[in-house]
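Just so it is clear: chains get the letters A, B, ... in the order the sequence lines come, proteins before strands, and each one is counted from 1. Here the structure is a predicted model, which means the values were calculated and not measured. These values consider heavy atoms only, across backbone and side chains, with no hydrogens, waters or symmetry-generated copies.
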Amino acid sequence: MDLSTASLFSLRDLIRRKEIHPREVVTALAERIAARDSGTRAFLQADTERALAEVENFDPETPLAGLPIAIKDNINVLGHPCSCGSRFLAGKYTAPYDATAAVRLRRAGATFFGRLNMDEFAMGSSTENSALQATTNPWDPTRVPGGSSGGSAAAVADGTALAALGSDTGGSIRQPASFCGVVGMKPTYGRVSRYGLVAYASSLDQIGPLSRTVDDAALLLEIMAGHDPHDSTSAREPVDSLVPGSVEDLKGITFGIPREMDREAVAPSVLKVFDEACDHLRSLGAELCDVDLPASTHAVAAYYVIAPAEASTNLARFDGVRYGLRCESPADTLDLHTRSREGGFGPEVKRRILLGTFVLSSGFYDAYYQTALKVRSLLRREYATAFSRADFILTPTAPEPAFPLGDRTSDPVSMYLSDLFTIPANLAGLPSISVPAGFTVDERPLPVGIQITGRAFAEASLLRAAKAYESTTPWHQQFPYKED
Amino acid sequence: MRMSRYLVTIGLEIHCQVKTASKMFCSCAVEYGAEPNTRVCPVCLGLPGALPALNREAIRLSILAGLMFGCRIPEVTTWDRKNYFYPDMPKNYQLSQLHAPVCQGGEVGLDRLHFPNDFQKQAPEGKVVRLDHIHLEEDVGKSTHYENNSLIDFNRAGTPLMEIVTEPDMESAEEAVALLNALRQNLIYGGVSDADMEKGQLRCDVNISLRPPGQKELGAKIELKNLNSISAVRRAIHHEIERQSAELDAGIPQVQSTRRWDDDAGETTLLRTKEDAHDYRYLPDPDLPAVETAELLAAARRDVPELPHHKRQRFTDAYGITPYDAGVLAADRALADWFEQAASAAPAGAKKTANWVINELLARLNADSLHAEQCPVSPQRFAALVDLVSSGGVSQNQGKEILDAMFAGDAASPEAIAAARGFEQVSDSSSIEPFVDQVLAEFPDKVEEWKQGNAKVGNWLTGQVMRHSKGKANPRVVSEMLRSRAGLE
């Protein structure tokens, strides 16, 4: 068995049967990173020695049995770097505390191995906004891995990470999962504590897993989920057992497809995969129906008011006073703030801070922020109505497959539209998963994902539906490299 | 001080540290004077990824204050981010309450005793200042500036602050002082705050505007900052009334602005005008859900103390003491409690106890800078002493000496101290008689003067007998005996 491309469950079995030691898994991954990541560049850092030292104390009876997990570089893990893909923090900041998700994973036996590249402060859909390096798509090195959790998706697809954590504010887990052919899930807002996740847009951010299988995503989510006194927005809803057993059919389950999904706006290669996926779901006994989500047509616009508004205040703390980049010989406090931020932030981060500052300014607040909040609550109500007809909402994850590097960098709006289908679930706070659903029929086939969105806190049934699809399709067993 | 020809309107914004053991959004201790940056954590340092978790005690105490001032407590109170860059403020936004503050409306009654001593005679009767609202916010850190450097201590960052905003209901510096004193008294009473201005636990900004008589709308609002003591508030307002009056006299219109009080120079200087005012870009905080107040309100209701002015009335009615004395005793909750314990233990009665507390105990507490809670003498032993004096067991002066001994740490009973010092007061007439006869024989002309009706001479003669008895004679018995033997009965 290839230790670097297996699932968490299969490796855990081997470890518990004492056939392998998790040290060997770390070593196999380190070798694979050395061999492959100079091309993909998903990792910002991978401290093998540290991981090997950590893994020596593993407990085989813990849910993760010492298995290495890679972390998006905006989640604090004590003693690890946490750059958020930004010049502001890169090389200047080491996390002085653990995110709650990290605490829970460590308690569950995880070994932290690898910090993954991302769009700066999670702002972007291609990972090209990383100030540190460009990550490529393992299926086609001329294309982007998606974003902002592009490093996480690329590493899992590339076999350099077994599974990874990402964060999803407007699709930042699901869209790169779709682009890289892996499973990516955004939990219900409040399901996983945000404590220790560097905030981009606090009312939308969620930590979630990227993995090769639905079971692996479920396992990681089950470990991380649950109320945390450090995060007042974390939910008190009980956490069910999330790992689906074997699910083979979807009898009695209804998938709703939004009438507002503009087929014209979706790439034909993606539509083809989507339509086939619909047929397949029907063949498993599911029913498909139309649902109405008219407010979703305003979702991208509302998102680009709410997210920048929150970001503009969340990122105010990066001022050069206490940590991170500080400009040379500041003349006074204003100069210190101005030049530190000028030098520390990239263009997209600046654009969103300016946007957010503008929409919150006196005299504009009602016109922009309040209006966006109205769209948001309208959308929530429409989802509630839709869920009275359908158990799940089904769309493609992204309107297109991975696009070429550099294709969108000069046109922010075309980049923003890449999150057309993922943003509504963030605005409504709903759990949503992207699962591999096929490939484009290009010379170099690119993976395409479908997105299933469920009712709030119904992660268990959502994962079961995803599992039924996964276990009756071959897509998750495709790899962008030849197996040795 | 001359009266201004203009109508003066004053409103206050008072920041007051809420007395919680830990900070408002993390579990760091609230501690004054700790080593810099030792009471900090990722949350109050605003580190990336850290999130606030509400200390509900801060809300409960604010509601308690609100109940004392008759505020409306909304069912739900919410948090907003107030955005501005400031090096002392770790997140560069302050968690505050704009849209649904914890207390709304309310009022504070001003009592004569709340006014400055030199102004109490002129103080208006029954003045009431309305409150606009009370909201909670987090405190910032503290900078120390050197030549080219600044050091920041974040120990104070995240400490809960109540901001009490009044309506513009005050018309003089003295009313502003009285309001501050009244607020302090009530907040300390309720255990809401220690409200110590020296320690920065109470800070005050003044809004003041002047307008000519007959003009309806208020004049330009001038905000005064950096007022670090109650006397600074008074002096700054006096100065500002003079300054604005002079400018208005000279035809210079006032514009809305913020001025800084320089305590050494005794004057205000312009900080900024309206044009430079911050746009705080308030945003409902996405990290803190709305707080339902019902449970905290119920808890706070149980802890509302008897208010100072109610206590004062009760003391006057129940103990037959003057309103002034009752006011002195009720001014401080711990002192009032101490007094009531002593009064209930003293068969001598509350009135005598009150006199002894006000004249003797308070003087000694003040001399040692002690608060009633720290009084080295228990109310019960004090009551025993008052009893000993009023029953004639010892003289007034001896009683004072015994109290001194008790203050100095003598743990014996007042009777035992009296015995040890030979303070047994002599009341039996056979022992006193020789001294009385001796004095009557020694000063026949004084006795004659007394008989003519000069009552003061009687006291003087009593004093002579006391001197002969080395202070041991009971003055009441001496006085009676003098009268009968001099034939005044």
Is there a donor-acceptor contact under 3.5 Å from the side chain of B:Arg281 to the main chain of A:Ser362? no

Residues of residues 11-40 of chain B near chain A, each having a heavy atom less than 4.5 Å away: none

So which of A:Thr313, A:Leu89, A:Asp231, A:Val321 has the biggest tally of heavy-atom pairs under 4.5 Å with chain B? A:Thr313

Based on non-hydrogen pairs under 4.5 Å, which of A:Ser232, A:Ala309, A:Ser361, A:Ala99 is most in contact with chain B? A:Ser232

Would you please name every residue forming a ring pair (Phe, Tyr, Trp, His ring centres under 6.0 Å) with A:Phe88, sequence neighbours left out? A:Phe318, A:Phe345

Ring pair (Phe, Tyr, Trp, His ring centres under 6.0 Å) involving A:Tyr365 - partner list, sequence neighbours excluded: A:Tyr369

Can you confirm whether more than 12 heavy atoms, excluding those of B:Glu295, are under 6.0 Å from its CD atom? no

Strictly distance-based, threshold 3.5 Å: is any side-chain N or O of A:Asn76 a donor or acceptor partner for the main-chain N or O of B:Pro48? yes

Under the rule for ring pair (Phe, Tyr, Trp, His ring centres under 6.0 Å), what residues qualify as partners of B:Tyr282, not counting sequence neighbours? none

Kindly give the heavy-atom pair with the smallest separation between A:Ser202 and B:Arg81, and that separation in Å. OG-NH2, 3.7 Å

Tell me, for A:Thr357 versus chain B, whether the close heavy atoms (under 4.5 Å) come from the side chain, the backbone, both or neither. both

Pick from B:Asp285, B:Leu283, B:Asn83: which one has the most heavy-atom pairs with chain A under 4.5 Å? B:Leu283

Is the backbone N or O of B:Leu47 less than 3.5 Å from a side-chain atom of A:Tyr97, with the two atoms forming a donor-acceptor pair by type? no

